[in-house]
Amino acid sequence: DTGVSQDPRHKITKRGQNVTFRCDPISEHNRLYWYRQTLGQGPEFLTYFQNEAQLEKSRLLSDRFSAERPKGSFSTLEIQRTEQGDSAMYLCASSSYDISKGNEQFFGPGTRLTVL
Amino acid sequence: GQQLNQSPQSMFIQEGEDVSMNCTSSSIFNTWLWYKQDPGEGPVLLIALYKAGELTSNGRLTAQFGITRKDSFLNISASIPSDVGIYFCAGLWANSKLTFGKGITLSVRP
């Protein structure tokens, strides 16, 4: 399977703990995106990378959130001092930047975070 | 943040029927995408549209990019039970982040 993969698929943690999620994009894709989705809503943009450079961060991404893509391949999203409001599905997507094609983004299966 | 408008929130149809859903925005986009999401999974790309007025098909799915660049519609013909799911429209501007609608939950009665 050469699609986007995410690990873990589910994470339950206690308030105040730190959590880290991993995303492996489609291998030839140079762009990687993180989105957050809560129940009944569409995904909301958090941040994205082109290769290892983080090009944009949403205002949703508080100081407790940090994302990295150190070698331009996989990415990690860390949430420090988790709060109950962080409970959501965290989705990763990747794309091959091609101005002629409009940047189709392909999503992974997501990581479901529950903060108790 | 900005979201696209999708309504109604839910649709119920009989197997074999056609269904059409649309998506509107107050802003223009240069790409429209339609995704389907099953419970507990990530969205799966169905159709991508790149030009105003473009009409694109993918099997039983047909989608159009509105002339004003502020809307798009998706049509599913001859629905089957596996069409059940949540359908999201998403707009893209300047080749970066996607802006999504809230989705429409489709139920298909056998």
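Order of the sequence lines sets the chain letters (A, B, ...), proteins ahead of strands, with each chain counted from 1.
Hydrophobic cluster membership differs between Leu74(B) and Leu55(B), with clusters built from Ile, Leu, Val, Met, Phe, Trp and Tyr side chains linked at under 4.5 angstrom. Met89(A) and Ile79(A) fall into different hydrophobic clusters, defined by Ile, Leu, Val, Met, Phe, Trp and Tyr side-chain heavy atoms under 4.5 Å apart, directly or through other members. Under the 4.5 Å side-chain heavy-atom criterion for grouping Ile, Leu, Val, Met, Phe, Trp and Tyr, Phe106(A) is connected to Tyr35(A) within one hydrophobic cluster. Note on Tyr35(B): it does not cluster hydrophobically with Leu32(A), by side-chain heavy-atom contacts below 4.5 Å among ILVMFWY residues.
More than 12 non-hydrogen atoms from other residues, nucleotides or ligands lie less than 6.0 angstrom from CD of Glu56(A). Atom CG of Leu116(A) sits in a crowded spot, with more than 12 heavy atoms from other residues, nucleotides or ligands closer than 6.0 Å. More than 12 heavy atoms of other residues, nucleotides or ligands shown are found within 6.0 angstrom of CZ on Arg109(B). Residue-environment remark: CD1 (Ile12(A)) stays at or below the threshold of 12 foreign heavy atoms within 6.0 Å.
Between Leu55(A) and Ser96(B), every side-chain heavy-atom pair lies at or beyond the 4.5 Å cut-off. Contact check for Phe45(A) versus Phe100(B): no side-chain heavy atoms found under the 4.5 Å cut-off.
Of all heavy-atom pairs between Gly42(B) and Leu91(A), the closest is CA-CD2, 3.8 Å. For the residue pair Gly42(A) and Phe88(B), the shortest heavy atom distance occurs at CA-CE2, 3.4 Å.
Here the straight-line distance linking atom CZ of Phe107(A) with atom CD of Glu41(B) works out to 13.5 Å at 0.5 Å rounding. Residue Lys97(B) holds its NZ atom at 9.0 Å from OH of Tyr48(A), rounded to the nearest 0.5 Å. The line from CG of Leu92(B) to CD of Gln105(A) is 6.0 Å long, rounded to the nearest 0.5 Å. Rounded to the nearest 0.5 angstrom, Leu98(B) CG and Glu104(A) CD are separated by 10.5 Å. Taking CG of Leu45(B) as the start and OG of Ser95(A) as the end, the distance is 11.5 Å to the nearest 0.5 Å.
Both the backbone and the side chain of Gln41(A) have a heavy atom closer than 4.5 Å to some heavy atom of chain B. In this structure, chain A has no heavy atom under 4.5 Å from any part of Gln9(B). Only the side chain of Gln37(A) comes within less than 4.5 Å of a heavy atom of chain B; its backbone N, CA, C and O stay farther away.
Considering only heavy-atom pairs separated by less than 4.5 Å from chain B, the leading option among Pro109(A), Ser58(A), Ala93(A), Gly110(A) is Pro109(A). If you tally non-hydrogen atom pairs under 4.5 Å between each of Arg9(A), Arg112(A), Gln6(A), Gln50(A) and chain B, the highest count goes to Arg9(A).
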